[in-house]
Trainee: 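First the structure, which I've put down as structure tokens, then a few questions once you've had a look.
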There are 2 protein chains.
Amino acid sequence: IIEISGIEKEYRMGKITVPALRGIDLTIMQGEFVAIMGPSGSGKSTLMHILGCLDTPTSGDYFLDGEKISAMKKSKLAAIRNSKIGFVFQTFNLLPHLNVQKNVELPLMYSGVSPRKRAARAREVLSDVGLGDRLRHKPSELSGGQRQRVAIARALVNNPAIIFADEPTGNLDSVSGSDILTIFSNLHAKGHTIVMVTHDSAVATRASTRVNIVDGLIG
Amino acid sequence: IIEISGIEKEYRMGKITVPALRGIDLTIMQGEFVAIMGPSGSGKSTLMHILGCLDTPTSGDYFLDGEKISAMKKSKLAAIRNSKIGFVFQTFNLLPHLNVQKNVELPLMYSGVSPRKRAARAREVLSDVGLGDRLRHKPSELSGGQRQRVAIARALVNNPAIIFADEPTGNLDSVSGSDILTIFSNLHAKGHTIVMVTHDSAVATRASTRVNIVDGLIG
Ligand SMILES: Nc1ncnc2c1ncn2[C@@H]1O[C@H](COP(=O)(O)OP(=O)(O)OP(=O)(O)O)[C@@H](O)[C@H]1O
Ligand SMILES: Nc1ncnc2c1ncn2[C@@H]1O[C@H](COP(=O)(O)OP(=O)(O)OP(=O)(O)O)[C@@H](O)[C@H]1O
Ligand SMILES: [Mg+2]
Ligand SMILES: [Mg+2]
């Protein structure tokens with residue numbers, strides 16, 4: 001279960017400050033499928049990075065399964081992130097010098113899985129997202145939608161309890177997009193918690209809960 | 001007018017070759033609004049880069065306003081690209097060390113416009129795309145959809161005759177997305193030629209012509 005209260009995030013750039021989040025309260029129960037929507041620039045990615053333990057709020061509290069995230073040591077936070085959380089970035093964030101298969105194996109390396117098992121599991125999720133024939137390509141040798149699908153495979157490879165996906169279908173055609181949504185719906189049916197930012201109403205209809213972010217607040 | 005015939009593009013990676021385009025014939029008349037659609041990985045961006053004179057085909061002919069592009073000197077090609085063509089990349093391709101306004105001024109620097117006029121024109125197109133209050137931000141200090149809109153502003157700043165846009169609304173919510181489509185529709189109404197890759201059927205309805213790419217061929 002995720003509980004956040006009074007979450008604020010301010011970006012400071014020299015003399016300018018940008019109040020990206022201005023006081024967010026949200027509770028997400030285990031096994032929910034939450035769709036986060038809202039205009040461009042409203043604070044969705046900022047909120048997702050804080051929920052995914054990738055960034056810290058300027059103020060406010062975050063409890064994950066009853067433990068206070070802001071009070072945790074970095075090493076414990078990294079361990080939780082790698083075992084409990086899968087994160088699909090809006091900008092994919094693939095490592096350019098590793099090929100597709102190696103990029104997807106990364107989370108399994110951190111959790112100490114053997115090379116043979118890592119390779120087999122990475123190939124399995126990559127064929128689930130339709131990229132079984134692109135294992136040796138570098139990210140720059142792929143189409144936009146193919147890079148997005150590699151980022152999705154990497155987030156799912158460790159079978160995390162909670163999956164955060166920031167606009168996972170923006171670069172995909174409707175067939176590839178609905179294939180991906182079916183993967184998320186199946187994971188949700190198996191009991192995984194899904195938190196997805198989307199601009200796509202087709203996604204929102206599959207979610208169990210919808211949250212609207214407008215100008216840094218829940219609107 | 002754009003005329004391509006027998007266009008093929010093969011990517012060679014060591015022993016593997018990927019036939020991204022396998023023989024494309026296409027004519028685009030001046031003032032058309034062409035929507036290019038097709039599955040992820042089908043060759044749309046590869047085709048757009050060749051049409052936008054950013055990449056060369058492995059074989060085939062490309063005539064732009066009656067002149068053979070493949071026979072041109074690099075300097076002439078660069079001059080045509082900067083004066084006649086605006087290109088919105090699927091990956092935005094903003095320069096990370098320049099702020100938003102400077103990124104949009106770039107095409108005007110190449111065409112020798114004075115600093116004061118460049119700044120005024122850049123601010124004008126940026127406010128048209130809704131980013132008048134983000135001029136000093138660096139690309140990394142923007143949301144995904146804001147970066148996309150900076151890339152669109154940069155492509156339009158030089159008032160090019162032909163505008164290529166590769167999935168210009170993938171990261172935008174429906175309101176921002178339709179604002180952008182309205183900008184393109186207005187440019188089309190003024191006589192500009194628009195060639196746009198999209199996965200969005202709302203875009204395709206605004207186009208005068210639709211082209212479907214499947215597996216490197218017009219399908
Ligand atoms: N530099 C490259 N080296 C090798 N293969 C490449 C390269 N760039 C693209 N490809 C391959 O060529 C094919 C076409 O890629 P392209 O980027 O044109 O597709 P696309 O239709 O734009 O897809 P999307 O809708 O996902 O953006 C893909 O299968 C891709 O893997
Ligand atoms: N590193 C940063 N420094 C300064 N401002 C930032 C930074 N990152 C984001 N912002 C600003 O904070 C606001 C929220 O950004 P965020 O990326 O969370 O929006 P978003 O809802 O994800 O938008 P989109 O749908 O376009 O991806 C935006 O107005 C943006 O300009
Ligand atoms: Mg975002
Ligand atoms: Mg593409």
Side-chain angles (χ1 to χ4, degrees), chain A residues 11-16 18 20 36-46 48 89-92 99 129-131 133-149 166-180 197-202 204 212-214, chain B residues 11-16 18 20 36-48 89-92 99 129-131 133-149 166-167 169-180 197-202 204 212-214:
Chain A
Y11 292 111
R12 279 186 209 101
M13 303 152 52
K15 280 182 227 133
I16 311 173
V18 177
I36 297 182
M37 307 183 81
S40 171
S42 56
K44 303 178 299 296
S45 295
T46 302
M48 289 285 274
F89 290 87
Q90 183 171 2
T91 48
F92 315 159
N99 69 25
V129 298
L131 287 176
D133 62 344
R134 289 279 181 274
L135 302 179
R136 299 271 165 274
H137 283 232
K138 296 268 172 36
S140 64
E141 296 166 339
L142 294 174
S143 79
Q146 290 171 336
R147 281 192 289 269
Q148 185 157 45
R149 285 180 277 160
D166 196 344
E167 303 202 27
T169 60
N171 275 275
L172 297 178
D173 61 284
S174 42
V175 172
S176 307
S178 75
D179 288 350
I180 293 298
V197 172
T198 182
H199 288 310
D200 186 341
S201 41
N212 232 9
I213 307 286
V214 181
Chain B
Y11 292 110
R12 278 188 210 99
M13 305 151 49
K15 279 182 227 135
I16 310 174
V18 176
I36 297 181
M37 308 183 82
S40 173
S42 56
K44 304 178 299 295
S45 295
T46 301
L47 175 61
M48 289 285 274
F89 290 87
Q90 185 172 1
T91 47
F92 316 159
N99 69 26
V129 299
L131 288 176
D133 60 346
R134 289 279 182 275
L135 300 179
R136 300 271 164 274
H137 283 233
K138 296 266 172 38
S140 64
E141 296 166 339
L142 294 174
S143 80
Q146 290 171 337
R147 280 192 288 271
Q148 186 156 43
R149 286 180 277 160
D166 196 344
E167 304 201 26
T169 60
N171 276 275
L172 299 177
D173 61 282
S174 44
V175 173
S176 306
S178 75
D179 288 352
I180 291 298
V197 172
T198 181
H199 289 310
D200 185 343
S201 43
N212 233 6
I213 307 286
V214 181

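Proteins get letters first, then strands, A, B, ... in listed order; numbering begins at 1 in each.
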Trainee: Hey, which of A:Asp200, A:Val175, A:Leu172 has the most heavy atom pairs under 4.5 Å with chain B?
Mentor: A:Leu172
Trainee: Decide yes or no for B:Tyr11 and B:Thr46: does some side-chain heavy atom of the first lie under 4.5 Å from some side-chain heavy atom of the second?
Mentor: yes
Trainee: With a 4.5 angstrom heavy-atom cut-off, could you sort out which part of B:Gln146 is near chain A: side chain, backbone, both or neither?
Mentor: both
Trainee: Side-chain contact, heavy-atom cut-off 4.5 Å: B:Leu47 with B:Ile213?
Mentor: yes
Trainee: Among A:Lys138, A:Arg136, A:His137, single out the residue with the greatest number of heavy-atom pairs under 4.5 Å to chain B.
Mentor: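 Max contact count across the listed options: A:His137.
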Trainee: Report yes if the side chains of B:Leu142 and B:Arg134 come closer than 4.5 Å at any heavy-atom pair, otherwise no.
Mentor: yes
Trainee: Using only heavy-atom distances, determine whether the side chains of B:Ser45 and B:Asp166 contain a donor-acceptor pair under 3.5 Å.
Mentor: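 Present: a donor and an acceptor within the cut-off.
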Trainee: Check the pair B:Asn99 / B:Leu135 against side-chain contact (heavy atoms from CB on, under 4.5 Å), numbers first and verdict last.
Mentor: CA-CA 7 Å; B:Asn99 69 26; B:Leu135 300 179; over 6 Å; no
Trainee: Any idea which of B:Gly177, B:Ser40, B:Gly145 has the most non-hydrogen atom pairs under 4.5 angstrom with chain A?
Mentor: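 Option with the greatest count: B:Ser40.
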Trainee: Based on non-hydrogen pairs under 4.5 Å, which of B:Met13, B:Glu167, B:Met37, B:Lys44 is most in contact with chain A?
Mentor: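 Ranked by heavy-atom pairs under 4.5 Å with chain A, first place is B:Met13.
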Trainee: Output the option from B:Gln148, B:Gln90, B:Arg147 having the highest count of non-hydrogen pairs under 4.5 Å with chain A.
Mentor: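 The option with the most such pairs is B:Gln90.
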Trainee: Verify the distance criterion only: is there a donor paired with an acceptor across the side chains of B:Arg149 and B:Ser176 at less than 3.5 Å?
Mentor: no
Trainee: Out of B:Thr169, B:Val18, B:Asp173, return the one with the most heavy atom pairs under 4.5 angstrom to chain A.
Mentor: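 When all of B:Thr169, B:Val18, B:Asp173 are compared, B:Asp173 has the most.
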Trainee: Between A:Ser143 and chain B, which part of the residue has a heavy atom less than 4.5 Å away: side chain, backbone, both or neither?
Mentor: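 Only the side chain of A:Ser143 comes within 4.5 Å of chain B.
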